Structure formats: C-alpha cells, structure tokens
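Chain identifiers are assigned alphabetically (A, B, ...) following the order of the sequence lines, protein sequences preceding nucleic acid strands; residue numbering begins at 1 within each chain. This one's a predicted model, so the numbers in the text were calculated from it and none came from an experiment.
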Amino acid sequence: MATESIRLNASEAPSDIFPLRSCSLLPAPFSAAYRTTNRFTSVNAARHVAPCSAVTGLFACPAFMKLWSQFFIPTLKESPADAEIASHKLLVRAGLVRKLSGGLYTYMPLGLRVIHKLTQMCREELDAAGAIELWMPHVHPAELWQQGPRWAAAREIMFRADSAGEGKRASREPEFVLGPTHEEVITPLVKAEITSYRDLPKNFYQIATKFRNEIRPRYGLMRAREFIMMDAYSFDANDDGAIRSYHAMKTAYESFFRRVGVQAIAVEADTGVMGGSYSHEFMVPAEVGDDDVIYNEASGYAANREKATSGLVPADLADAAPAGAVEEFATPGVVTIAALEQAPYSVPADRQFKTLVFIGDGKPFLVILRGSDELEEAKLGSLGFGLHRPATPDEIVPVLGAKPGSLGAVKGTIKEPAALAGVFADHAVRLIGNGTTGANKDGFHLRNVNVTRDLAVTKFGDFRRVRPGEPDVKSGQPLQVRRGIEVGHIFKLGTKYAEKFGAAYTDGQKQSQLMVMGCYGIGISRTMQAVIEQSHDADGIVWPWNSAPFQVLVCVLDPQVPEAMEVAKKLAAAAERAGADVLVDDRAERPGVKFKDADLIGIPLRLTIGGKGLKEGIIELKWRNQKDVAKVPLAEAEARVAVAVAEGSGR
RNA sequence: CGGGGCGUAGCUUAGCCUGGUAGAGCGCUACGUUCGGGACGUAGAGGUCGUGGGUUCGAAUCCCACCGCCCCGACCA
C-alpha cells in the first residue's frame, strides 16, 4: 500500500538531475522527506510553470517547511585555513560544501539545494530555447577520444578510469577515461541516430558532473577537479542554422544568469582547444576572477584578454622604406631586450624585434613581436598547430645557429630555414619599420632591419597581448581591463567534429552533408560560488531570491514557547502558499547565535518571532539585503508575508 | 609542471629558532546561572604532532625522503 502511494509521488515529483534516484526503494516514512527535498524544483519555478497551489494541493500544508533542528547546516564561526577568498570561506562557513581533497567537494544539504535551484532554472531556460535534455555516460572508452581531434591536448587534463584491480597490470595507455566534456560521445551518437535534414536542427544537453584533472585546483568550487556543468551540443544543417542556434543559446544564457541573479557579461573569447570559429564567454565581474576582460564601455566592446585586439596598428599603415643597409654590430653578453636598451646600444624596446621559437606539432616555427610587446600565447591557436610549446635552447641552436638572446628572422641569417614551419610576425612589428634584431650569431645584433625588405615573414597576424589604454578598434577610446569569473561559454564549432566522426545527413537533394555543430557550457557549481562572490557582505552570503536554498527563514527565538511555534508554522505555511521555500529555525540556541547564522547563510527574507514581540502582538520582517526591520502586527502577518514573498520573487 | 609557503584534537592555532610534561580558543558532553546580535561558571571527553627513515640517552622541535594542502605562474566552466 505504502509502496503504491510512494510510486505515485515519485511520478508526480519533478524530474531530478539524478534520474535513478527512484523513490520506490524508500521506506514509507521517507516519502515525505523525498517530497520535501524535491518540491522546490517547481516552487522556485512558480512563475514559469504550474502555480504552487497545484503542487501543495497534493499534500497537506505545511508539509514542506524544514525545521533547522532536523536539517543539517553545520556553520562555522571561523574560516577554514585553506580558504583565501570570500566566496570560498562562505561556502564552507555557511555549511554549503565540505572538502574531500583538493578540488573535490561534497555538496552539503544546503549547498545541494542551491545546485538544484540553479540546475532547474538552467533546465527551464534551455527547454524554453528548444534544447532537449539527455544523459550520457561519464566513463568514456579512451578509443573514442583517440579518434577525436583533440586527444593529444585534452588527455593532459583527463582522468583515466582503468581497472584498479591488482591482478591487472596497468596498461600504458588508458582504456577508459572520465569525461571532461562530451563532444566525443554526442557526435557519434548523433551520427548514428540522425541521417536526414528533416531531423535537424537538434540541440542536446545534460546537466551533470565533469571530470578534469586540473593542474591546479583553486578557490573551492571555482576550479575543481570534479564539477557540475550544463553542456549542450547543437547540430544544424548549415552555417546559418548553426548561427541561429548559437544566438538562441546566447539568449538562453542571458535569461538564465538574469534569473539566477548574477551579473554575467558576454565577452568575445578565444576558442582554445575546442577549436571552432567563434565564441563568447559569460563573465561575472570579480576581482578574484581568473580572466582579464578587455572592454570599452562606450562601444560595448568586451573580449577575453586571450582574444582581445586593439586599434594600435592603423589599418592604413604604410610600410616604412628601408633606412639603410643592414649592419651587424657586436653585443657581447647582451641576451635580453632590456640589456639592449641600455647604453652603449640604447635601442628602445619598441624599436627591437623579439624572436620567439616554438615547436608546433614537432616542427619549429618563429614568432616575431616588438621588443616591448608580450606574446598572447593563446593567439598562436590560429596558426593551426594541434600542439605547440616553447622550444628549448637545444632545439633552437641547430635551426637558427645561435642561442636565445641573439635570434632574429632576417633572411639569410637563419641556419636551416627549410626546417621551419613558418615565421609569423605580429602586425605591430610594422610600426617599427626599421629596427634591431638578433643576428643568429651569438653576441651580435643587426640594425637597419626593414620589416618588408629583410624579415623572412611567412604571415602577419595578431599575436600580441593587448594593453589597457590602447585604442578600441570600434570607438578609438582607450580600452580598460577588469577581472572576471568565467561561468559560461558558447562556441560555434563548425564541422570539425562532424568531419572526424562522420556526422553527416542527407539533404533535400539527396546529397550527403556534414552537420554544423555548436557547443555550450555553464559551470553550475562555479556559478554558485560566483553568485556568492558577487553577493555577500561582512556578515555572510546575501542570496538572490531565485538561487537561495530557502527564500524565507522563520527565526523562532523562543521555540520552547508553544504559541511562538504555532505562529511560526502559520507564517511558514503562508510563505509556502505564496511560493517560497521555508526554513524554520527552531533550535534551542540563544538569539545571537540564530541571528549570526541567519546572516551567514543569507536567506533573503527573515521573519523573527520572539517572546518580546509576541507580547506586543508583532513579528518582525527583515530583508537580508536591507538594514531596517519592519514590525508587523500578528493579525496582518500572514498577508504581509504573502506580499513580501511576491515582492521577493519579482511578482 | 616550475617557484614560494604550510601540515599539532572536528575547526582556528601556540609550542619548533635554542631537543626534555603537547597547551589554548571555538565546537562537543554533563550540570548550573543566563537568554533580542556568536553568554558565563564548573566538570569532562577528544592528539599515530602528515608518513617513513636518520641524528640523539631523549625528537612536534634538528636532518633526509615521500605524501598532502594552500598561494603565484601556464590551462579551463
């Protein structure tokens, strides 16, 4: 009998990110708990889906409110020693997460509620944008990755998932890996299942755990080895369709972050190891962010530093005429740009050519920059090498004929020009016109080196790192820089993966065509931390309404007084009817402890019921993000709470 | 993976330099007094001082190796 009703509940309950968490295995007494923990998914979405009463109607109110004494929120007075930034400290202090090991965290009950809120909002926005949810394995056959286009680069951050059995000797190459992302799984799937243009476009997504063996996990959930991510993959018949899918996702992301209550800005980004043609990152501005955003408010330009360009080199710049014959001069012991700037040479850094040597897919190539510029290594991605790294001196000498410090790219001075995969010069070297560079002879440099006449340039490109203050391409105004946390990323991939895995379809003319793909990610767990980083004060977290683990905290100062608990339950029920998730602090703690904890865990709306207030016939209503406390007569309390909840949820 | 720092009770840590009884605060347990912004008293429980080796009569302390964690750099959502 009990089992029957539980099954019913399970089917009524909103789907969860863990589809296997079936209720039918739970004993009857736990069924209420199940409903309680899962109910928020539709409650929080009240304004998007069915009104709450439809849900609450199934169960007697107040069935859902959580009693703090029976929940589990281990708060800490002190910050853990290993936490550096505010959001990391608060995650731990507010009892949202606990560390297992570097970059590996348990989501505690309160933290999991936030994760569920975020995943549900994400799910709703993506569904609204036409994306379709599925669930893929996280253990991947390594073979699949070996077939893909980025095995060499991606394996560095991948966990291998071979047998841990003692009898079986570890193979040199992994048999299985843990999925860091799922292009290699979804593309073969779509290849097998979709063969007609009639089935396109499609956009599949999942919200699941990702595994990346980050070289350096950091700041709690900010860069973890195991994290929760929404990843989506769009498949279109052609480029126009792919661009439409891309923009639909961009719009969905914008709605998602708006709903979460975090400011996230779309910025142009480098495509990195993903490959593909263009991409945007969604950045939450924060000092502790890992990325620099180069932007100009006037023109609206915003780009990741890896991608950013400036108008430093005018489009109509004329090439300088040679200033004289190339002349070699001795520079004993001078092996740095800075040393050549000193007397007696006195060559300013922006008159020097800097020559860097890299190995790209096994072959050396040169990059020429102004002495005053820094290489933006990510920009080398545009050269098309699968893997590149700086060359070692041992690799440089046989090719160029000199050690680092005396290198150059002047025609005729390179010892083995045929060995080079190319000489790539940054546009800005054209600003030098005639300058100084290494002679490929230890202890000698060349002057009067003319860019067009003397340098053996294969191709000009954008390789330098933009500096704040340089003119914006669009407006000419100075560019500014600011740090940000990357919470989402969208890529238009093109046909790179479709080609590798043969994902083709038949078009209306019976012709086989490659699908055009896009891929999309939102760091759900990172977003949780980014929200805290953006929304906290000296006392704790200040949750935005929609992301809060509970929206309303009923703080009962005298839980031993039956009348106080009765009022609390009435108000909790009123708040729930209005669509809020409610936590009732019924602990036998002193008021100070309760207030401190309330501020720490940051529930948006606090209702305080105390013996003092009850004597006056009032309760108190306070917003976490405001200072003042409203005294509300008991008779009006339920109605006022309903109004406040409506206000909090943005009506 | 390079550079720097740190591992002492569940948490925050003192002690290490100069070797000789492992201490405090928070938290926890019990009792009492308190009770609107992290109370107080009394009594308790709780420690392989990261691991292994070495030096020494004797090591948390000195030496070596390893492991783990944190920060800075290169990569990512």
Side-chain angles (χ1 to χ4, degrees), chain A residues 74-85 88-89 92-93 95 98-104 122 153-154 156-158 180-181 207-232 253 264 269-274 279 281-284 288-291 304 306 375-378 381 388-390 484-491 519-530 539-540 555-561 588-600 606 608-616 620 622 629:
Chain A
T75 59
L76 300 175
K77 281 188 191 174
E78 284 173 295
S79 296
D82 57 15
E84 187 89 353
I85 65 170
H88 185 191
K89 290 177 183 170
V92 180
R93 285 191 57 210
R98 285 293 184 265
K99 184 168 78 176
L100 172 65
S101 174
L104 299 172
C122 183
E156 297 305 319
I157 56 136
M158 287 167 77
T181 165
I207 302 173
T209 305
K210 292 282 171 283
F211 301 89
R212 295 186 190 174
N213 196 3
E214 292 290 346
I215 297 159
R216 185 178 153 221
R218 222 155 99 88
Y219 293 155
L221 302 181
M222 209 74 108
R223 198 188 318 172
R225 289 193 163 111
E226 186 186 315
F227 58 98
I228 300 170
M229 176 167 130
M230 183 291 299
D231 50 319
Y253 272 41
D270 181 67
T271 53
V273 68
M274 300 299 302
S279 89
E281 281 173 352
F282 282 76
M283 309 288 289
V284 172
V288 300
D290 275 350
D291 299 87
N304 188 302
E306 295 173 357
L375 172 70
E376 183 55 65
E377 210 177 320
H388 65 260
R389 60 170 174 85
I485 301 165
E486 183 186 353
V487 288
H489 208 150
I490 56 179
F491 297 90
C519 73
Y520 315 89
I522 291 177
I524 298 288
S525 43
R526 182 183 280 183
T527 297
M528 169 159 90
Q529 184 164 356
D539 295 316
C555 193
V556 190
L557 299 185
D558 306 287
Q560 75 287 357
V561 177
E589 290 288 351
R590 297 165 58 83
V593 172
K594 294 188 170 215
F595 289 135
K596 287 288 183 190
D597 272 347
D599 288 345
L600 180 59
R606 189 182 83 197
T608 308
I609 299 163
K612 217 170 78 180
L614 285 183
K615 272 182 206 149
E616 296 173 44
E620 288 162 19
K622 182 185 176 299
V629 178

Practice problem: Using whole Å, report how far CE of A:Met158 lies from P of B:C76. | Solution: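 Rounded to the whole Å, the gap is 15 Å.
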Quiz item: Counting only side-chain N and O atoms of A:Lys210, is one of them less than 4.0 Å from OP1 or OP2 of B:C76?
Solution: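 A:Lys210 to B:C76 OP1/OP2: no side-chain N or O under 4.0 Å.
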Quiz item: Got a sec, which residues hit side chain to side chain contact (heavy atoms under 4.5 Å, CB included) with A:Arg218, two or more places apart in sequence or on another chain?
Solution: A:Arg216, A:Arg223, A:Asp290
Self-check item: Aromatic ring pairing A:Tyr520/A:Tyr253, orientation class (parallel under 30°, perpendicular over 60°, tilted between)
Solution: perpendicular
What's [X] touching, base or sugar-phosphate or nothing? Going by heavy atoms closer than 4.0 Å.
{"X": "A:Ile522", "answer": "nothing"}
{"X": "A:Ala224", "answer": "base"}
{"X": "A:Ser525", "answer": "nothing"}
{"X": "A:Asp290", "answer": "base"}
{"X": "A:Tyr253", "answer": "nothing"}
{"X": "A:Met230", "answer": "nothing"}

Between the protein and nucleotides 12-14 of chain B, which nitrogen or oxygen pairs come in under 3.5 angstrom?
residue : atom : partner : partner atom : Å
B:U12   : OP1  : A:Ala81 : N            : 2.5
B:U12   : O2'  : A:Glu78 : OE2          : 3.2

Quiz item: Dot-bracket for RNA chain B, 5' to 3', counting Watson-Crick or G-U wobble pairs under 3.5 Å, with [ ] for crossing pairs and | for inter-strand pairs?
Solution: (((((((..((((......[..)))).((((((.....)))))).....(((((..]....))))))))))))....
Quiz item: Any donor and acceptor pair, going by atom type alone, linking the side chain of A:Arg93 with main-chain N or O of A:Leu76 inside 3.5 Å?
Solution: yes
Exercise. Keeping to residues at least two apart or across chains, list the salt bridge (charged side-chain N to carboxylate O under 4.0 Å, His left out) pairs with something in residues 76-85 of chain A.
Key: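 Non-adjacent pairs meeting salt bridge (charged side-chain N to carboxylate O under 4.0 Å, His left out): A:Asp82-A:Lys99.
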Self-check item: Residue met sooner reading RNA chain B from 5', once A:Leu221 and A:Ala83 are mapped to nucleotides
Solution: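 The 5'-side residue here is A:Ala83.
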Quiz item: What string of B, S and - do you get for nucleotides 35-43 of chain B, 5' to 3', if B is base contact, S is sugar-phosphate-only contact and - is no contact with any protein heavy atom under 4.0 Å?
Solution: SBBBB----
Quiz item: Tell me, for nucleotides 46-52 of chain B in 5' to 3' order, what letter each nucleotide earns: B for a base near a protein heavy atom under 4.0 Å, S for only sugar-phosphate near one, - for neither?
Solution: -------
